[in-house]
Amino acid sequence: MTENHNTVFVSRPGVNGEPKEENFRFEKCPYPADLQKEEVLIKTLYLSVDPALRCRMNESTGVDYMGPWQIGETIEGFGGVGSVIKSLNPEFAEGDLVCSQYGWPWKEYFVRKPDKSFQKVDRSLVGGKISYCLSVLSLTGLTSYLGITEEGHLQPLHTLVISGAAGACGSLAGQFGHLKGCERVIGICGSDEKCKYLTDELGFNGAINYKTQNIKDELCKHCPKGVDVYFDNVGGAISDQVIKQMNKDSHVILCGQISVYNKDVPYPPPIPEETKQCLQQNNITRERFLVLNYPEKFDESLKQIAEWLLSGKIKVKETIAEGLVNAGPAFVSMMRGGNIGKQLIRVASL
Ligand code: NDP
């Protein structure tokens, strides 16, 4: 008899608390019973680990498109990829690889009646790397691409600054910025190792370690013509500093605000009066960006990203935790900056 395990949500960190490993528990659960009509049995291969899951740990998420996790229930993440073990659904056969970006239980085996968010994986598109369906060729890649193309107003000679630059979205956004023609790309991130990765491997023109360097001085040095576009993944004090260096009529891509996800503030969080004035005086746009608002652009954008990927124009890094037993720790680690590129969990091999 095959064993089955899941990750259960056991306690809330509190709206003002950091998530901890003890908020999650890895435990045995029943192997799924026989299938009903149109259902498939799925073996999970990889799971996506996303900052937005932090708000599901609170009693209220503060947004209407996702609900809070309930104590004692299996964690429901966003993205997952798996293989079909058995099928009573005419559209899926045993051995098919399937992926969803919109809801996947942190379970080794589970049964689903696939809705249209479940898609068969085109192996030629992912270049043989199944995990890419949850990183570069997923909502993550789309967030970076559509943030840049829809909100960036990038032009040649522009200087683009990215916070959270060595993470999943940031590391791709910088490369897309260069491919879209901007002259300088500067990343802000939390370690020297990450800075080195950005400049030596991804071709960023400069990188700033916000934990050890003076952001203002470094921005002045790296952005002699000011900042034209700011891809903001973190918010807070880092973003206040960047906004002060922005040019007239420039643009903030308000992608995420991870520096306040452990705080009890609305989204997007309030910004200091001085920053507000700076935005107004310099006519800087700063509208909330949500990738889910661009579904009609997903197909053509993924096609472009896949073309760049397969022709070697972009590099992808993933930080992979081994085994569902490490799912909770992987989430906690990502929230503390333990990842370079996309944080994933490898639950099983094909
Ligand atoms: P990342 O891979 O970037 O991982 C999170 C990173 O955030 C960590 O590695 C850490 O890197 C950094 N971080 C954590 N705490 C802080 C802090 N207090 N100050 C500064 N940096 C911090 O995650 P993603 O790429 O998946 O997500 C990046 C952002 O994009 C998030 O804000 C997320 O919510 C947002 N997002 C928005 C979407 C949209 O539609 N708008 C869709 C998907 C994601 P470091 O070592 O540099 O501190």
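Starting from 1, each residue takes its place in the sequence as its number. Whatever order the structure lists them in is the order used to number ligands and atoms, beginning at 1. Just so it is clear, the model here is predicted, and its values are computed rather than measured.
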Colleague: Are Lys225 and Glu183 close enough, and set up right, to give a side-chain contact (heavy atoms from CB on, under 4.5 Å), and what steps lead you there?
Modeller: CA-CA 11 Å; Lys225 291 191 271 177; Glu183 189 180 51; 3.1 Å; yes
Colleague: Would you say Tyr261 has any N or O atom under 3.5 Å from an N or O of ligand 1, going by distance alone?
Modeller: yes
Colleague: Check this for me - ligand 1, Thr143, N or O atoms closer than 3.5 angstrom, yes or no?
Modeller: no
Colleague: With the side chain counted from C-beta on, respond yes when Val185 and Ile162 share a heavy-atom pair under 4.5 Å apart, and no when they do not.
Modeller: yes
Colleague: Are any of the side-chain heavy atoms of Phe331 and Met57 separated by less than 4.5 Å?
Modeller: yes
Colleague: Using a strict 4.0 Å cut-off to heavy atoms of Cys189, name the atoms of ligand 1 that fall inside it.
Modeller: 47 (O)
Colleague: Could you go step by step and tell me if Ile253 and Tyr230 meet the side-chain contact (heavy atoms from CB on, under 4.5 Å) rule?
Modeller: CA-CA 6 Å; Ile253 303 165; Tyr230 173 41; over 6 Å; no
Colleague: Is Cys255 in contact with ligand 1, taking contact as a heavy-atom separation below 4.0 Å?
Modeller: yes
Colleague: Quick check on Asn339 - does any of its heavy atoms sit under 4.0 Å from an atom of ligand 1?
Modeller: yes
Colleague: Kindly state each residue pair satisfying salt bridge (charged side-chain N to carboxylate O under 4.0 Å, His left out) with at least one member in residues 270-279, sequence neighbours excluded.
Modeller: Lys244-Glu274, Glu273-Lys276
Colleague: Can you tell whether the side chains of Glu3 and Lys28 come within less than 4.0 Å, N to carboxylate O?
Modeller: yes
Colleague: Is the shortest N/O to N/O distance between Lys211 and ligand 1 below 3.5 Å?
Modeller: no
Colleague: Which atoms of ligand 1 have any heavy atom of Val291 under 4.0 Å away?
Modeller: 39 (C), 40 (O)
Colleague: What protein heavy atom is closest to atom 12 (C) of ligand 1, reported as residue, atom name and distance in Å?
Modeller: Ile258 CG2, 4.1 Å
Colleague: Please confirm whether Gly341 comes under 4.0 Å of ligand 1, counting heavy atoms of the residue only.
Modeller: yes
Colleague: Test your reading of the structure: does Leu292 have an N or O sitting under 3.5 Å from an N or O of ligand 1?
Modeller: no
Colleague: Quick check: does any side chain N or O of Lys113 sit under 3.5 Å from a backbone N or O of Gln36, one acting as donor and the other as acceptor?
Modeller: no
Colleague: Kindly indicate, with the supporting measurements, whether the criterion side-chain contact (heavy atoms from CB on, under 4.5 Å) is fulfilled by Ser171 and Lys317.
Modeller: CA-CA 9 Å; Ser171 58; Lys317 195 166 180 102; over 6 Å; no
Colleague: Is there a side-chain contact (heavy atoms from CB on, under 4.5 Å) between Glu150 and Tyr145 once you walk through the steps?
Modeller: CA-CA 8 Å; Glu150 297 297 314; Tyr145 183 83; over 6 Å; no
Colleague: In the protein, which heavy atom is nearest to atom 46 (O) of ligand 1, and how far is it?
Modeller: Lys194 NZ, 2.5 Å
Colleague: Given that the side chain starts at C-beta and the backbone is N, CA, C, O, which of these parts of Val234 lies under 4.0 Å from ligand 1, counting heavy atoms, or is it both or neither?
Modeller: side chain
Colleague: Heavy atoms only: which of Gly164, Gly256, Cys169 is nearest to atom 44 (C) of ligand 1?
Modeller: Cys169
Colleague: Short list, please: which atoms of ligand 1 are under 4.0 Å from a heavy atom of Ser259?
Modeller: 17 (C), 18 (N), 19 (N)
Colleague: By number and element, which atoms of ligand 1 are closer than 4.0 Å to a non-hydrogen atom of Met334?
Modeller: 4 (O), 5 (C), 8 (C), 9 (O)
Colleague: Within the structure, does Gly190 bring an N/O atom to less than 3.5 angstrom of an N/O atom in ligand 1?
Modeller: yes
Colleague: Answer yes when Glu108 and Lys43 have at least one side-chain N-carboxylate O distance shorter than 4.0 Å, and no when they do not.
Modeller: no
Colleague: Return the closest protein heavy atom for atom 10 (C) of ligand 1 as residue, atom name and distance.
Modeller: Gly337 CA, 3.5 Å
Colleague: Please determine whether a side-chain nitrogen of the Lys or Arg among Glu18 and Arg336 lies less than 4.0 Å from a carboxylate oxygen of the Asp or Glu.
Modeller: yes
Colleague: Side chain, backbone, both or neither: which part of Lys342 has a heavy atom under 4.0 Å from ligand 1?
Modeller: neither
Colleague: Give the residue, atom name and distance (to 0.1 Å) of the protein heavy atom nearest atom 30 (O) of ligand 1.
Modeller: Asn233 OD1, 3.3 Å
Colleague: For Lys107, is there an ion pair with Glu27 - N to carboxylate O distance below 4.0 angstrom?
Modeller: no
Colleague: As an exercise, identify every atom of ligand 1 less than 4.0 angstrom from a heavy atom of Gln257.
Modeller: 32 (O)
Colleague: Under 4.5 Å between any side-chain heavy atoms of Phe176 and Phe231, yes or no?
Modeller: no
Colleague: Tell me whether Gln343 reaches ligand 1 (any heavy atom closer than 4.0 angstrom to a ligand atom).
Modeller: no
Colleague: Which atoms of ligand 1 have any heavy atom of Met335 under 4.0 Å away?
Modeller: 14 (C), 15 (N)
Colleague: Does Pro51 reach ligand 1, in the sense of a heavy atom lying below 4.0 Å from it?
Modeller: yes
Colleague: Report the member of Ala165, Gly167, Ala52 with the shortest heavy-atom distance to atom 3 (O) of ligand 1.
Modeller: Gly167
Colleague: Do me a favour and list the nearest non-hydrogen protein atom to atom 48 (O) of ligand 1 with residue, atom name and distance?
Modeller: Tyr210 OH, 2.6 Å
Colleague: Is a donor on one side and an acceptor on the other found under 3.5 Å between the side chain of Asp232 and the backbone of Gly235?
Modeller: yes
Colleague: Should the pair Glu218-Lys221 be classified as a salt bridge under the 4.0 Å nitrogen-to-oxygen rule?
Modeller: yes
Colleague: Between ligand 1 and Ala168, is the shortest N or O to N or O distance under 3.5 Å?
Modeller: yes
Colleague: Decide if the gap between the ring center of Phe118 and the ring center of Tyr102 is smaller than 6.0 angstrom.
Modeller: no
Colleague: Quick check on contacts: which atoms of ligand 1 are under 4.0 angstrom from a heavy atom of Leu290?
Modeller: 40 (O), 41 (N)
